Amino acid sequence: QQPVQSPQAVILREGEDAVINCSSSKALYSVHWYRQKHGEAPVFLMILLKGGEQKGHEKISASFNEKKQQSSLYLTASQLSYSGTYFCGTELIFGNEKLTFGTGTRLTIIP
Amino acid sequence: DAGVTQSPTHLIKTRGQQVTLRCSPKSGHDTVSWYQQALGQGPQFIFQYYEEEERQRGNFPDRFSGHQFPNYSSELNVNALLLGDSALYLCASSRQQISGNTIYFGEGSWLTVV
């Protein structure tokens with residue numbers, strides 16, 4: 001039931017791009033993406049609703065493939081501040097407001 | 001606009017004791033959820049409160065209980081603490097919207113059980 005994220009960890013040089021995937025075995029209503037730095041709370045990045053809508057936020061964007069129940073987070077021209085662990089949280093039903101989190105992807109950006 | 005606030009930030013308890021954690025939701029939010037995050041893991045859903053009642057619950061024992069007050073703030077209580085209860089406890093608040101239920105997290109309460 002827990003969504004599966006891949007890769008588990010990735011190391012990038014500043015300016016490189018990354019893709020983080022989140023797959024669920026269940027039909028989803030929405031996918032939520034968060035970034036968490038060590039010792040801090042998860043910070044909301046964006047929410048994707050079913051319908052395949054792609055969203056963007058500066059150099060971070062995401063898509064949701066409803067047929068595959070898969071979401072991908074795209075980080076372009078990565079900056080040092082992008083380092084952290086990325087989690088996807090899945091919501092099964094509209095109005096449920098309960099997230100089931102994936103295993104996390106640890107992203108390290110080096111100068 | 002204050003976000004989700006939690007207290008205390010850190011605390012140490014002895015096995016068998018009881019603990020109460022507190023949360024004030026983001027302004028305009030009426031739903032409060034609690035999550036437990038063990039080191040190196042993703043947050044795990046404990047339960048959710050709406051209109052002062054527990055609306056849904058994750059796979060946690062009855063030692064975990066909660067409460068929501070009329071002003072939407074909430075408490076998480078854990079009785080008979082075990083060493084395995086050591087974790088970061090996160091409070092999340094939200095409000096149901098057609099455009100998607102954005103869920104915001106507080107800074108968390110670090111609980112260490114010794």
Side-chain angles (χ1 to χ4, degrees), chain A residues 1-6 8-9 20 22-24 26 28-55 57 62 64 66 71 73 84-106, chain B residues 3-7 9-10 21 23 25-26 28-51 54-60 68 72 74 87-110 112:
Chain A
Q1 185 168 342
Q2 179 182 33
V4 177
Q5 287 185 232
S6 63
Q8 288 186 325
I20 300 172
C22 173
S23 296
S24 173
K26 292 183 174 285
L28 303 175
Y29 167 70
S30 67
V31 179
H32 304 230
W33 285 97
Y34 292 83
R35 176 172 58 219
Q36 185 175 31
K37 293 185 181 286
H38 183 69
E40 299 180 9
V43 173
F44 173 78
L45 295 176
M46 64 188 74
I47 177 175
L48 286 300
L49 304 182
K50 69 176 184 179
E53 177 185 354
Q54 180 153 350
K55 281 194 172 182
H57 175 66
F64 178 24
E66 191 179 342
S71 178
L73 184 71
T85 301
Y86 288 78
F87 290 101
C88 66
T90 56
E91 185 180 23
L92 298 182
I93 306 168
F94 168 69
N96 188 252
E97 299 172 73
K98 167 192 169 183
L99 296 179
T100 301
F101 283 90
T103 46
T105 296
R106 188 169 185 170
Chain B
V4 182
T5 59
Q6 291 186 241
S7 64
T9 308
H10 294 81
L21 308 178
C23 170
K26 182 178 171 62
H29 285 187
D30 55 8
T31 301
V32 173
S33 301
W34 287 91
Y35 291 78
Q36 179 194 66
Q37 186 176 23
L39 211 57
Q41 304 291 320
Q44 299 290 314
F45 178 80
I46 301 175
F47 45 53
Q48 182 182 90
Y49 279 84
Y50 174 72
E51 293 189 342
E54 184 181 291
R55 182 160 68 175
Q56 50 185 327
R57 188 180 185 93
N59 189 25
F60 279 80
Q68 186 179 35
Y72 307 118
S74 176
L88 175 65
Y89 288 85
L90 294 164
C91 172
S93 76
S94 56
R95 184 180 184 90
Q96 192 176 116
Q97 298 178 71
I98 296 293
S99 58
N101 310 316
T102 302
I103 299 170
Y104 292 97
F105 284 85
E107 291 297 315
S109 294
W110 288 94
T112 302

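Computed from a predicted model, the values in this text were never measured in an experiment.
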For chain B, find which of A:Gln2, A:Arg106, A:Gln36 contributes the most heavy-atom pairs closer than 4.5 angstrom.
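Looking at each option in turn, the highest pair count goes to A:Gln36.
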Looking at A:Pro42, A:Ser30, A:Gly89, which one has more heavy-atom pairs under 4.5 Å with chain B than the rest?
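Highest number of heavy-atom pairs under 4.5 Å: A:Pro42.
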Measure distances from [X] to the heavy atoms of chain A and classify the residue's part below 4.5 Å as side chain, backbone, both or neither.
X        : answer
B:Ser33  : side chain
B:Leu90  : side chain
B:Gln6   : neither
B:Arg55  : side chain
B:Glu107 : both
B:Leu39  : neither
B:Tyr50  : neither

Can you name the closest pair of heavy atoms from B:Gln41 and A:Phe87 and give their distance?
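Shortest heavy-atom contact: O-CZ, 3.8 Å.
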Could you report the tightest heavy-atom contact between A:Ala41 and B:Gly106, atom names first, then the distance?
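In terms of heavy atoms, the two residues are closest at CB-O, 2.7 Å.
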Spell out, as yes or no, whether a donor-acceptor pair under 3.5 Å connects the side chain of B:Gln48 to the backbone of A:Glu97.
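Confirmed, B:Gln48 side chain pairs with A:Glu97 backbone.
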Using modelled atom types and a 3.5 Å cut-off, is there a donor and acceptor pairing between side-chain atoms of A:Tyr34 and backbone atoms of B:Phe105?
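Absent.
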Flag for A:Asn96-B:Gln56: side-chain donor and acceptor within less than 3.5 Å:
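There is such a pair between these side chains.
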Going by the rule ring-ring contact (aromatic ring centres under 6.0 Å, His included), which residues pair with B:Tyr49 if we only count those two or more places apart in sequence or in a different chain?
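Per chain and number, B:Tyr49 pairs via ring-ring contact (aromatic ring centres under 6.0 Å, His included) with B:Phe47.
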Whether over 12 other heavy atoms sit under 6.0 Å from B:Phe45 CZ
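More than 12 heavy atoms, drawn from other residues, nucleotides or ligands, come within 6.0 Å of this atom.
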